[in-house]
Amino acid sequence: MTAMPQTPTVLHAPVIDWFDEHARDLPWRRPEAGPWGVMVSEFMLQQTPVSRVLPVYEQWLARWPRPADLAAEPPGEAVRAWGRLGYPRRALRLHGAAAAITERHGGDVPRDHAKLLALPGVGEYTAAAVASFAYGQRHAVLDTNVRRVFARAVSGAQYPPNATTAAERKLARALLPEEEPVAARWAAATMELGALVCTARTPSCARCPIAGRCAWKAAGSPAHDGPPRRGQTYAGTDRQVRGKLLAVLREAVGPVPQSALDAVWDEPVQRARALDGLVADGLVEPLADGTYRLPLT
DNA sequence: TACTCGTGGTT
DNA sequence: TAACCAAGAGT
């Protein structure tokens with residue numbers, strides 16, 4: 001069981017004050033972004049760096065300023081506009097979320113955490129993030145940044161566990177400020193601290209507002225001792241093949257012949273498996289004449 | 001729980 | 001330079 005801090009609130013002021021001074025001016029943090037802008041940014045930021053999201057986000061919001069605008073287009077258009085952000089199923093899910101918002105919620109991103117969680121592509125983190133950032137609610141927002149900040153500052157470990165644990169959720173709830181607007185500020189501030197200062201590889205403890213209260217630093221910054229953090233191999237995987245296949249379809253204007261897809265990968269068994277997977281995921285639509293395209297439905 | 005699912009910059 | 005890492009979700 002993780003040690004609970006005796007006085008959790010001592011961290012609030014220094015972290016929030018630091019955020020007041022150092023927060024990045026990101027477009028989804030501006031008031032004009034609105035709940036839909038926040039939701040779009042959260043989908044795009046899943047496992048994807050801010051710098052790569054920025055241009056796609058701007059284009060997306062300019063083209064589809066409301067959920068209903070996106071829902072009115074074929075899902076393949078969302079996949080195409082997703083570009084090279086990676087994990088293109090997120091584009092499909094964002095389109096599905098826009099459709100659900102249009103049908104079930106009158107075109108407005110729901111405020112209720114449970115209704116957010118029911119949307120495709122919205123999990124524990126994204127539901128809490130939208131409720132907190134877009135609507136100022138009090139939720140424990142546990143992303144990779146916050147988990148790392150808490151692991152170090154409170155638990156004294158260099159890295160959090162591979163998967164989010166019940167202990168981490170309990171700790172995050174215990175650390176949450178009581179007042180709703182303060183809690184929302186805290187959520188954004190702890191994420192930003194992890195993104196800018198308490199980074200994974202080489203944290204800048206000299207710039208950290210809570211370095212004096214950091215359990216990991218106090219322990220001498222011991223190296224991670226648990227099980228090795230699972231690496232992400234990519235070369236030669238189905239994911240790489242899927243990426244190459246989908247890139248052809250994204251860049252094509254109309255349907256693509258089988259031969260154009262065959263050209264991106266030598267090994268026919270893996271190639272066929274990857275294409276089948278894309279079709280099964282709804283990212284690719286096979287036509288009766290043997291060609292393929294991004295999905296119209 | 002552990003695994004899949006993209007892409008590209010950084011070290 | 002191969003490995004690490006990036007505002008996770010779904011199964």
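A, B, ... follow the sequence lines: proteins, then strands. Residue 1 opens every chain. The figures that follow rest on heavy atoms only: side chains count, while hydrogens, waters and symmetry mates do not. Nothing here was measured: the structure is a model prediction, and the numbers come from that model.
In this model, the phosphate group of C:dA7 is not approached by any side-chain N or O of A:Thr48 to a distance below 4.0 Å at OP1 or OP2. Dashed line: the shortest gap from a side-chain N or O of A:Gln46 to OP1 or OP2 of C:dA7 is not under 4.0 Å.
The same atom, P, is picked in C:dA7 and in C:dT11; the two are 24 Å apart, to the nearest Å. Across the P atoms, C:dC4 and B:dC3 are found 16 Å apart, a figure rounded to whole Å.
Judged by distance alone, with hydrogens and angles left aside, the side-chain atoms of A:Arg138 form no donor-acceptor pair with the main-chain N or O of A:Pro181 at under 3.5 Å.
A:Arg29 and A:Arg24 make their closest contact through NH1-O, 3.1 Å (heavy atoms, listed as atom of the first residue, atom of the second, distance). When every heavy atom of A:Phe43 is checked against every heavy atom of A:Ala97, the shortest pair comes out as CZ-CB, 4.2 Å.
Looking at which nucleotide of DNA chain B each of A:Arg89 and A:Thr164 is closest to, the 5′-most match is held by A:Thr164.
Between A:Phe150 and A:Trp186, the ring-plane angle classifies as parallel under the 30° and 60° cut-offs.
Residues of residues 242-272 of chain A having a heavy atom closer than 4.0 Å to DNA chain B, listed by number: A:Arg242, A:Gly243, A:Arg250.
Between A:Arg273 atom CZ and B:dT4 atom P there is a gap of 11 Å when expressed in whole angstrom units.
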Distances under 3.5 Å between protein N/O atoms and the N/O atoms of nucleotides 8-11 of chain B, please, pair by pair.
{"from": "B:dG8", "atom 1": "OP1", "to": "A:Arg84", "atom 2": "NE", "distance (Å)": "2.3"}
{"from": "B:dG8", "atom 1": "OP2", "to": "A:Arg84", "atom 2": "NH2", "distance (Å)": "3.1"}
{"from": "B:dT11", "atom 1": "O4'", "to": "A:Arg201", "atom 2": "NH1", "distance (Å)": "3.4"}

